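All figures in this text were calculated on a predicted structure; none of them were measured in a lab.
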Amino acid sequence: MTTNEYIRGVKQFGWQRFEGKLWQRNYYEHIIRNEQSYLKISEYIMNNPKNWEGDSLKYQ
């Protein structure tokens, strides 16, 4: 649904076209089943941007 909305936005509203890939390869969802899992995932989300500059795969 997100991809379809993006394509519609490009065509109808003049959104900037993105030439790269929209989705991360081998992405999967994770179900948060308990507080420990929630804390681990939320820590990853909060701290991950700090690692982007040194990420060798960020533009693949």
Please check: side-chain N/O of [X] versus main-chain N/O of [Y], any donor-acceptor pairing under 3.5 Å?
| X | Y | answer |
| --- | --- | --- |
| Y6 | F18 | yes |
| N47 | E43 | yes |
| S42 | L39 | yes |

Exercise for the section: Answer with yes or no whether the hydrophobic clustering places Y38 together with Y44; edges join I, L, V, M, F, W, Y residues whose side-chain heavy atoms lie under 4.5 Å apart. Expected result: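 Yes.
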Handout entry: Q12, CD atom: more than 12 neighbouring heavy atoms under 6.0 Å
Key =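 More than 12 heavy atoms, drawn from other residues, nucleotides or ligands, come within 6.0 Å of this atom.
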Handout entry: Spacing of E19 atom CD and Q16 atom CD [to the nearest 0.5 Å]
Key =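 E19 CD to Q16 CD: 9.0 Å, rounded to 0.5 Å.
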Practice task
Rounded to the nearest 0.5 Å, what's the gap from CD on Q36 to CG on N34? Could you check?
Solution key: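 CG of N34 is found 6.0 Å from CD of Q36.
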Problem - Nearest atoms (heavy-atom pairs only) where V10 meets R17 - result: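 V10 and R17 have their closest heavy atoms at CG1-NH1, 4.1 Å.
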Problem - salt bridge (charged side-chain N to carboxylate O under 4.0 Å, His left out) against E5, all qualifying residues, sequence neighbours excluded - result: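 Here the qualifying residues are R8.
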